Amino acid sequence: MIELQNVKKSFGETVAVNDLSLTIGEGQVVGFLGPNGAGKSTTMRMIVGFLGPDAGQITVNGESVLENPRATKTLIGYLPENNPLYEEMLVRDSLRFTQRLRAGAGGKDAIARVVEETGIEKVYYRPIGELSKGYRQRVGLAQAILHKPEILILDEPTEGLDPNQRVEIRSLIKEIGQKRTVVLSTHVLQEVRSTCDRVIIIDKGGLVADADIETLMSQAQGAKHVIVEVEGAEPVEAIKALDGVIAVDLLPSAAAGRDRLTVATEGATELRPRLFQLAKERDWIIWELYQEEVSLEDVFRNLTVGPERGAEDTEDADA
Ligand code: ADP
């Protein structure tokens with residue numbers, strides 16, 4: 001279990017982590033999400049003991065990271081951002097080197113075990129500099145799990161990978177995360193959906209959400225929208241008058257003689273059957289009718305930039 005209590009960290013004037021408190025239980029795969037500069041890497045570096053907090057407490061399985069770094073480092077495997085590896089080393093030698101640095105931790109068979117677990121048999125005798133980004137990440141993960149840590153801290157593990165490599169590394173993380181607690185940072189929302197049980201969102205060094213993904217999505221259901229394209233007299237007023245409708249706005253893309261509308265409704269309202277009914281009563285023709293699902297992107301944007309600025313950042317959020 002990882003516990004942070006009122007943790008703060010600044011770099012000069014920049015407050016990177018601001019009074020952050022969290023608990024991450026055993027066996028969870030947690031997505032640590034936030035825009036660039038939110039404080040994800042800084043938090044992770046403090047959990048693994050590479051940086052000390054200015055204030056607050058961090059414990060791993062009850063041991064203080066500051067007071068007992070040796071014990072907590074044994075419990076944690078860490079894949080840093082950009083996965084720094086010695087380019088000229090063979091994969092075999094880099095694993096041997098890591099094991100020596102860790103005083104032989106993991107035992108005699110550790111290297112064979114991690115090579116199999118991360119699927120790097122094919123590149124075992126290749127220099128790291130010749131490997132694809134996907135294989136480099138596999139080697140980084142192999143190093144991180146050599147000493148059989150219970151907890152894995154992975155900082156942007158799929159950053160810079162192509163889509164196929166992303167899928168492979170995600171499924172590898174899922175596999176090796178089955179028996180461990182995993183915290184992985186990312187700004188790719190798809191990653192969180194496909195890999196994590198729970199999501200922690202931070203922004204400007206502070207916590208903005210901490211929930212399992214389904215809960216987070218259902219909390220956001222208030223933002224449901226129905227899109228309808230209708231041919232008939234004065235639909236805006238009539239739709240506005242329906243129960244549960246918060247707002248009706250005209251969209252610019254309607255065909256001649258029709259109105260295209262976006263209808264915002266309260267969370268539990270199911271508007272579509274009532275729109276059909278209304279169209280029948282008024283003799284309208286419905287050309288199109290669908291409900292827009294709330295996406296994790298919407299939730300993330302609302303929490304970190306607010307809905308009004310969200311549209312500008314869509315591309316960045318799932319780059
Ligand atoms: P994230 O991982 O979410 O992108 P970081 O933890 O890397 O965020 O950074 C949080 C803030 O702290 C940023 O404003 C960043 O510029 C600043 N920061 C991080 N590390 C350092 C450092 N070593 N020196 C100065 N500023 C830093």
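Each ligand, and each atom within it, is numbered from 1 in the order the structure gives. Count residues from 1 along the sequence. Predicted model only: the values in this text are computed from it and were never measured.
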Engineer: Mind running salt bridge (Lys or Arg N to Asp or Glu O under 4.0 Å) on Glu288 and Arg260 for me, showing each step along the way?
Structural biologist: CA-CA 9 Å; Glu288 198 175 349; Arg260 194 172 166 80; 2.7 Å; yes
Engineer: Judged by non-hydrogen atoms, does Gly34 sit under 4.0 Å from ligand 1?
Structural biologist: no
Engineer: Nearest protein heavy atom to atom 21 (C) of ligand 1: under 4.0 Å?
Structural biologist: yes
Engineer: State, without any angle test, whether Asn6 and Gln57 hold a side-chain donor-acceptor pair at a distance under 3.5 Å.
Structural biologist: no
Engineer: At less than 4.0 angstrom from any non-hydrogen atom of Pro35, what atoms of ligand 1 do you find?
Structural biologist: 3 (O)
Engineer: Could you check whether Glu231 and Trp287, counting side-chain N and O atoms only, form a donor-acceptor pair closer than 3.5 Å?
Structural biologist: yes
Engineer: Identify, for atom 12 (O) of ligand 1, the protein heavy atom at the shortest distance, and state residue, atom and that distance.
Structural biologist: Ala16 CB, 3.3 Å
Engineer: For the residue pair Asn61 / Glu26, report whether a side-chain donor-acceptor contact shorter than 3.5 Å exists.
Structural biologist: no
Engineer: Under 4.0 Å from any heavy atom of Ala38, which atoms of ligand 1 are there?
Structural biologist: 1 (P), 3 (O), 8 (O)
Engineer: Ignoring angles and geometry beyond distance, decide whether Lys40 reaches within less than 3.5 Å of ligand 1 through its nitrogen or oxygen atoms.
Structural biologist: yes
Engineer: Below 3.5 angstrom, do we get any N/O pair linking Arg45 and ligand 1?
Structural biologist: no
Engineer: State, without any angle test, whether Asn68 and Glu63 hold a side-chain donor-acceptor pair at a distance under 3.5 Å.
Structural biologist: yes
Engineer: For atom 7 (O) of ligand 1, what is the nearest protein heavy atom, given as residue, atom name and distance?
Structural biologist: Ser41 CB, 3.7 Å
Engineer: Report yes or no: is the cationic atom of Arg100 (NZ for Lys, CZ for Arg) under 6.0 Å from the centre of the six-membered ring of Phe97, at an angle within 45° of the ring normal?
Structural biologist: no
Engineer: Is there side-chain contact between Ile111 and Arg96, with heavy atoms separated by less than 4.5 Å?
Structural biologist: yes
Engineer: For ligand 1 and Thr42, I'd like to know whether there is a polar contact (N/O to N/O, distance under 3.5 Å).
Structural biologist: yes
Engineer: Check if Gly12 has a non-hydrogen atom at a distance under 4.0 Å from any atom of ligand 1.
Structural biologist: no
Engineer: Considering residues, nucleotides and ligands other than Lys133, do more than 12 of their heavy atoms fall under 6.0 Å from its NZ?
Structural biologist: yes
Engineer: Is there at least one protein heavy-atom neighbour under 4.0 Å from atom 3 (O) of ligand 1?
Structural biologist: yes
Engineer: Note the single closest protein heavy atom to atom 15 (C) of ligand 1, along with its residue, its atom name and the distance in Å.
Structural biologist: Thr14 CG2, 4.8 Å
Engineer: Starting from atom 8 (O) of ligand 1, locate the nearest protein heavy atom and write down its residue, its atom name and how far away it is, to 0.1 Å.
Structural biologist: Gly39 N, 3.1 Å
Engineer: For residues Thr186 and Glu191, is any side-chain donor paired with an opposing acceptor at under 3.5 Å?
Structural biologist: yes
Engineer: Just let me know how Ser185 lines up against ligand 1, side chain, backbone, both or neither, with a heavy-atom cut-off below 4.0 Å.
Structural biologist: neither
Engineer: Does an N or O from Phe11, backbone or side chain, lie closer than 3.5 Å to an N or O of ligand 1?
Structural biologist: no
Engineer: Cation-pi between Lys9 and Phe11: NZ/CZ under 6.0 Å from ring centre and within 45° of the ring axis?
Structural biologist: yes
Engineer: What protein heavy atom is closest to atom 10 (C) of ligand 1, reported as residue, atom name and distance in Å?
Structural biologist: Gly37 O, 3.4 Å
Engineer: List ligand 1 atoms under 4.0 Å from Asn36, heavy atoms only on the residue side.
Structural biologist: 4 (O)
Engineer: Using the side-chain hydrogen bond (donor to acceptor under 3.5 Å, both in side chains) rule, take Glu156 and Ser185 through it: C-alpha gap first, then chi angles, then the decisive distance, then the call.
Structural biologist: CA-CA 5 Å; Glu156 303 256 13; Ser185 72; 4.7 Å; no
